[in-house]
Amino acid sequence: MSDQVPVVAIDGPTGSGKGTIARALARNLSWHLLDSGALYRVVALVAEQESLALDDVDSLAAAAREMDVAFSAAEDSEQVLLAGRDVTALLRTEAHGAAASKVAAIPFVRQALLERQRAFAKLPGLVADGRDMGSVVFPDATLKVFLTAIPEERVRRRHNQLKEKGIDVSLPALSQEIRKRDERDASREIAPLRATKGARVLDSTGMTADEVVERVEIWLAETG
Ligand code: C5P
C-alpha cells in the first residue's frame, strides 16, 4: 500500500502534461505507472458499448468494478486492453475524455475504482497521474505534484498530442471542450480537481518535458 511503497502523485488539468511527465519519471526510476484517467475513459467506453445511461449508477459502478482492463507497456506509450482488445486509440478522443469526465463525477464509480487504483502501488514504487491521486487515492504519497500551465499552452499541447495520434480537431472547438471538461472536473462535489494540501504546484508553461521531470526528480530526492 501507499504507506510502504513510495508513490509520486501527479495531478492537474487537461493538457498540463502530467501523462508525459509521469511516463518519463516512471521510466527513469523503473517504477510502475498508473494512468488513472484511462480507467475513467474505459468506464465511459463500456457505458457506450453497453448503452448504459449516465443515471444508471448501479450498472456504471458494476462496470467499473468488473471490467477486464489491462495495461501493457508499448514503445513510447501505454497500451490499454479491454477484454484483451487494444482500445488505446479509441480512448484518446476528446469525446471519450468528456464522457469520462461525466462518469467520473459519479461517487459509486469513483468508489468502485479506488481499490483497483491502489493495487498499482507495488515495489519498487509507483508514479500515478490523474485528478485525485494526491488527495484521495494516495493521500500518503511520498511526493504530490500539482502540474499546471496556462490554458493556451494546455490546448496547444493537447492539440499536438491528438495530431500525433492522427486525430484532427479544430483549435477553437478543442479549447471549448477542454474548458468545459476542466470546469466539470473542478466543480464536482466528489474529488474535485485542485491542488491538495502539501502538493508542490508547478506551472510548466514554457518548460520542456525534460525540465519538468528534472524538477520533480529534485523534489523526490529531497523527500528521502
Ligand atoms: O487524464 P484524462 O484526460 O485521461 O482523464 C479523463 C477524465 O477522467 C478527466 O477529465 C476526469 O474527469 C477523469 N479523471 C478523474 N480522476 C482521475 C483521473 C481522471 O476524475 N484520477
Side-chain angles (χ1 to χ4, degrees), residues 2 7-23 26 33-48 54 60-61 63-64 67 69 71 77-80 82 87-121 126-139 141 144-149 151 154-155 157-162 165 167 169 174-196 199:
S2 52
V7 174
V8 176
I10 305 181
D11 292 304
T14 307
S16 55
K18 57 195 177 346
T20 307
I21 302 309
R23 193 180 312 118
L33 176 68
L34 167 62
D35 168 7
S36 62
L39 292 174
Y40 288 95
R41 286 172 185 261
V42 176
V43 177
L45 180 65
V46 172
E48 180 187 285
L54 280 182
L60 289 169
M67 63 192 189
V69 187
F71 292 88
S77 59
E78 294 280 293
Q79 265 187 347
V80 189
L82 175 60
V87 292
T88 320
L90 251 182
L91 292 183
R92 293 311 347 151
T93 63
E94 195 45 42
H96 278 112
S101 148
K102 288 179 190 155
V103 299
I106 302 170
F108 280 136
V109 169
R110 303 199 73 85
Q111 184 62 34
L113 290 181
L114 206 51
E115 285 314 311
R116 199 186 266 269
Q117 294 174 90
R118 288 185 174 151
F120 279 78
L126 175 71
V127 182
D129 87 83
R131 305 293 187 289
D132 64 341
M133 296 296 97
S135 56
V136 177
V137 183
F138 301 109
K144 301 178 185 183
V145 178
F146 190 81
L147 195 59
T148 181
R154 295 194 288 108
V155 171
R157 286 180 188 167
R158 183 86 184 110
H159 192 248
N160 286 343
Q161 231 175 29
L162 290 171
K165 296 193 161 69
I167 303 172
V169 282
L174 183 65
S175 167
Q176 209 187 21
E177 280 166 7
I178 286 180
R179 192 173 43 77
K180 268 207 282 197
R181 179 144 72 98
D182 285 342
E183 266 171 23
R184 189 185 298 114
D185 289 348
S187 62
R188 69 185 174 212
E189 280 180 17
I190 182 163
L193 166 72
R194 68 180 59 130
T196 189

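Numbering of residues begins at 1 and proceeds along the displayed sequence. Order of listing sets the numbers, starting from 1, for every ligand and every atom in it.
- Y40 CB, 3.5 Å is the protein heavy atom nearest to atom 8 (O) of ligand 1.
- For ligand 1, one of its N or O atoms has an N or O atom of D132 under 3.5 Å away.
- Using 4.0 Å as the threshold, D185 has a heavy atom nearer than that to some atom of ligand 1.
- One option in S36, A38, G15, S101 has a heavy atom closer to atom 18 (C) of ligand 1 than any other, and that option is S36.
- Looking at H96 against ligand 1, nothing comes within 4.0 Å, counting heavy atoms.
- Here I10 contributes atom CD1 and F146 contributes atom CZ; the two are 12.5 Å apart, rounded to the nearest 0.5 Å.
- No salt bridge links K180 with E183; every basic N to acidic carboxylate O contact stays at or beyond 4.0 Å.
- Any N or O atom pair closer than 3.5 Å counts here, and R110 shares at least one such pair with ligand 1.
- Closest protein heavy atom to atom 19 (C) of ligand 1: G37 CA, 3.5 Å.
- Contact annotation for R184 and ligand 1: no heavy atom of the residue comes within less than 4.0 Å of the ligand.
- Nearest protein heavy-atom neighbour of atom 4 (O) of ligand 1: R41 NE, 2.6 Å.
- Contacts between R92 and ligand 1, counted as non-hydrogen atom pairs separated by less than 4.0 Å, involve the side chain only.
- The distance from the CG atom of L34 to the CG atom of L39 is 6.0 Å, given to the nearest 0.5 Å.
- With hydrogens and angles ignored, the 3.5 Å screen pairs a side-chain donor or acceptor of R110 with a backbone N or O of A104.
- Ion pair R23/D35 not flagged as a salt bridge, since none of the NZ, NE, NH1 or NH2 atoms sits closer than 4.0 Å to an Asp/Glu carboxylate oxygen.
- Of all protein heavy atoms, the one closest to atom 1 (O) of ligand 1 is R131 NH1, 2.9 Å.
- Considering backbone and side-chain N/O atoms, R181 comes within less than 3.5 Å of an N/O atom of ligand 1.
- Looking at Q117 next to ligand 1, no N or O pair under 3.5 Å apart turns up.
- A salt bridge links D182 with R154: at least one charged nitrogen is closer than 4.0 Å to a carboxylate oxygen.
- For R181, the side-chain contact (heavy atoms from CB on, under 4.5 Å) criterion is met by T14, R41, E94, S101, R131, R158, D185, not counting sequence neighbours.
- Judged by distance alone, with hydrogens and angles left aside, the side-chain atoms of Q117 form a donor-acceptor pair with the main-chain N or O of L113 at under 3.5 Å.
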